[in-house]
Protein chains: 2
Amino acid sequence: MSKVEAELTWREARRQNARADLLAAAWEMVREGGLGALSLRKLAGRAGTTTPTVYAYFESKNAILDVMFREGAESFAQSNAQPLAEGTPQQQLLAHAQRFASFCISDVARYQLLFQHSLPGFSPSPESYAPAVRALESARQLIERAGVRDPRHLDLWTALMTGLVDQQISNDRGGDRWIRLIDDAVAMFLAYSASEQSAG
Amino acid sequence: MSKVEAELTWREARRQNARADLLAAAWEMVREGGLGALSLRKLAGRAGTTTPTVYAYFESKNAILDVMFREGAESFAQSNAQPLAEGTPQQQLLAHAQRFASFCISDVARYQLLFQHSLPGFSPSPESYAPAVRALESARQLIERAGVRDPRHLDLWTALMTGLVDQQISNDRGGDRWIRLIDDAVAMFLAYSASEQSAG
DNA sequence: GTCTATAGCTGGATAGAC
DNA sequence: GTCTATCCAGCTATAGAC
């Protein structure tokens, strides 16, 4: 490696480091005050710098949100890629549901960014959106393997899961009033799905 | 009625009229652009007046939102107070669920105002909140009459209903992809609730 | 790359003339 | 009660010195 190349990569490393610092500060802000609390002034202040410096690393506020969305989507894909404990497809579906709920609850701001399209003026770029759909597709396959074929039942499943998570976040944040009902929810869903399968 | 008294009530009527016009314009705005789109400047413009005039009728923006919340909560209570068609408690529960979904879908902004605590800095006054809890309590009784005693199952029910409505609003607004699953959802819930009842 | 300073806009809320 | 004009705060984003 030439001296010039070393210099280049060193600078690049420094640059990535500064970007990472800003992103870390941004995550901190949204975790404390919700997605709406992300302001570039305060972000700069928290990172120990000023707004023009932020613009040296990101071309706009939405560019920051886009990277955050990407990071969140990749965490989601990674969580879903972990192998589940051995067991029947039904047991694995339960484990999957619990893992999904944990992922959402453990970082509410990330959940809102990924799953609630609630930021006026922001929508993720296709590149940032890709890992999210990848993860959702893998979840779909897991549900199919548990014996759920009817796409209507798949919609029912997503409504049930997001309903539990939303209620938990909205009405008992930090508690477990709805999350602890996941066992019941999965049992209820599988029983109905099986009965429909045999009936229809 | 004396001449003075007539004058007073006439003025009062005019005043209530102006208030109602402003509120109508406010509902129009949030229906078009979401709750966040409510700004006093634009509200005044739409009502054909100016901001100081708005402040002649409401002491703050939150005061407007509070009245809107109250109106929405009263509509909700009124919807829930309508008698349901004759039938078994289970049939009535289904009808109740459909009515709830219709209420939510028919005015998304109102739904967000009432059921999603998503406006930073606003929370309804106790007086405006009262009709909402009244309506929710009547819903709870209806569910109990359908044979659902376990409070855990009641939480499961709310998660299921709000989950369906949220998915419908977020991912298929104007369509019926999730709403049409209400029959299945209610059947699923009742089957599970009954089986638990006999088992436990 | 990093700063100071500021442009340009939108928001809620008010002062004061009429 | 209704207006014009304005205050003050917050925001994203940029110009220009260093």
Side-chain angles (χ1 to χ4, degrees), chain A residues 7-26 28-30 32-69 113 118-125, chain B residues 7-26 28-30 32-69 113 118-125:
Chain A
E7 175 76 2
L8 277 173
T9 56
W10 183 83
R11 287 204 176 172
E12 186 58 21
R14 290 295 298 169
R15 183 174 174 80
Q16 293 305 331
N17 225 320
R19 266 177 73 99
D21 286 349
L22 285 168
L23 284 168
E28 225 180 284
M29 286 185 67
V30 298
E32 286 174 13
L35 286 178
L38 182 63
S39 109
L40 297 191
R41 280 198 203 324
K42 290 177 187 164
L43 169 59
R46 190 179 290 239
T49 178
T50 58
T51 28
T53 301
V54 175
Y55 278 91
Y57 291 98
F58 299 93
E59 71 169 343
S60 72
K61 179 180 179 177
N62 275 358
I64 300 179
L65 285 168
D66 195 61
V67 176
M68 294 174 76
F69 185 96
L113 179 59
S118 65
L119 272 185
F122 169 71
S123 59
S125 64
Chain B
E7 176 78 1
L8 276 173
T9 56
W10 183 83
R11 286 201 176 174
E12 186 58 22
R14 289 296 299 169
R15 181 174 176 82
Q16 294 304 329
N17 226 320
R19 266 177 74 101
D21 287 350
L22 285 168
L23 285 169
E28 226 180 285
M29 286 185 67
V30 298
E32 286 174 13
L35 285 179
L38 182 62
S39 108
L40 297 191
R41 276 171 171 29
K42 292 175 186 167
L43 170 60
R46 189 178 288 241
T49 178
T50 57
T51 26
T53 302
V54 175
Y55 278 91
Y57 292 97
F58 299 95
E59 72 170 342
S60 72
K61 178 179 180 177
N62 275 357
I64 299 179
L65 285 167
D66 195 62
V67 176
M68 293 173 76
F69 186 96
L113 179 60
S118 65
L119 272 185
F122 169 71
S123 59
S125 64

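What you see is a predicted model, and the numbers here were worked out from it, not measured in a lab.
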- prompt: Please walk me through it: do B:Phe122 and B:Asp66 pass side chain to side chain contact (heavy atoms under 4.5 Å, CB included)?
  reply: CA-CA 8 Å; B:Phe122 169 71; B:Asp66 195 62; 4.2 Å; yes
- prompt: After noting the C-alpha distance and the side-chain angles of B:Leu65 and B:Leu119, does the key distance pass the side chain to side chain contact (heavy atoms under 4.5 Å, CB included) rule?
  reply: CA-CA 10 Å; B:Leu65 285 167; B:Leu119 272 185; 3.8 Å; yes
- prompt: What do the steps show when you test A:Arg46 against A:Glu32 for salt bridge (charged side-chain N to carboxylate O under 4.0 Å, His left out), and what is the final call?
  reply: CA-CA 13 Å; A:Arg46 190 179 290 239; A:Glu32 286 174 13; 3.1 Å; yes
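Residue-level contact check: A:Arg15 touches the backbone only, with heavy atoms under 4.0 Å from sugar-phosphate atoms and none from bases.
In this structure, B:Leu43 atom CG and C:dG12 atom C1' are separated by 12 Å, rounded to whole Å. In this structure, B:Leu38 places its CG atom 12 Å from C1' of C:dG11, rounding to the nearest Å. Atoms CG (B:Leu119) and C1' (C:dG11) sit 15 Å apart, rounded to a whole Å. Computed from coordinates, the B:Leu65 CG to C:dA13 P distance equals 10 Å when rounded to whole Å.
Formation of a donor-acceptor pair under 3.5 Å by the A:Asp21 side chain with backbone atoms of A:Ala47 is not found in this model. Looking at A:Lys61, its side chain does come within 3.5 Å of a backbone N or O of A:Leu38 through a donor-acceptor pair.
Residue whose closest nucleotide on DNA chain D sits further toward the 5' end, between A:Lys42 and B:Ala18: B:Ala18.
Within residues 50-61 of chain A, the residues approaching DNA chain C are A:Thr50, A:Pro52, A:Thr53, A:Tyr57, by heavy-atom distance under 4.0 Å.
Atom CD of B:Glu59 sits in a sparse spot, with 12 or fewer heavy atoms from other residues, nucleotides or ligands closer than 6.0 Å.
Remark: B:Thr53 OG1 to B:Leu22 CG distance equals 8.5 Å, nearest 0.5 Å. To the nearest 0.5 angstrom, B:Leu23 atom CG is 4.0 Å from B:Phe58 atom CZ.
Note that the first and last nucleotides of DNA chain D, 5' to 3', having any atom under 4.0 angstrom from a heavy atom of chain B are D:dG1 to D:dT4.
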